[in-house]
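Heads up, the thing below is written out as C-alpha cells.
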Amino acid sequence: MKWVYWSRLYDTKFQAGCLVRRMEYDGWLFGIDMPHEIEIYRSRKGKYGVRYVP
C-alpha cells in the first residue's frame, strides 16, 4: 500500500490536525470508507502535511 499525500502543507501541526479530524468526522457522518491510517508528517522545509493509506 502506498501513501496518498494531501495537496496542501500547513504552517502549524494544529492546522494539519484539524484536517485529520475533519476527514474522520466526514467519514463517520456521511458513511464514507475511512482510510486505514492517517498521519501528520513534517516536510523538509518545516511545514506540516497529511498523508493517508486508502
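Heavy atoms only: backbone and side chains are in, while hydrogens, waters and symmetry mates are out.
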Next on the checklist: So, taking the atom named CG in Leu19 and the one named CZ in Phe14, what distance separates them when rounded to the nearest 0.5 Å?
Outcome noted: 12.0 Å
Going by side chain to side chain donor-acceptor pair (under 3.5 Å), name the residues that satisfy it together with [X], two or more places apart in sequence or in a different chain.
| X | value |
| --- | --- |
| Thr12 | Gln15 |
| Glu37 | none |
| Tyr5 | Arg51 |
| Lys47 | Asp11 |

Heavy-atom distance under 4.5 Å between the side chains of [X] and [Y], does that happen here?
| X | Y | answer |
| --- | --- | --- |
| Val53 | Trp3 | yes |
| Ile40 | Lys13 | yes |
| Val50 | Glu39 | no |
| Trp6 | Ile38 | no |

State which residues pass salt bridge (charged side-chain N to carboxylate O under 4.0 Å, His left out) with [X]; sequence neighbours excluded, sorted by chain then number.
| X | answer |
| --- | --- |
| Arg8 | none |
| Arg22 | Asp26 |
| Arg44 | none |

Next on the checklist: If the condition is side chain to side chain contact (heavy atoms under 4.5 Å, CB included), which residues does Val4 pass it with, not counting sequence neighbours?
Outcome noted: Tyr52, Pro54
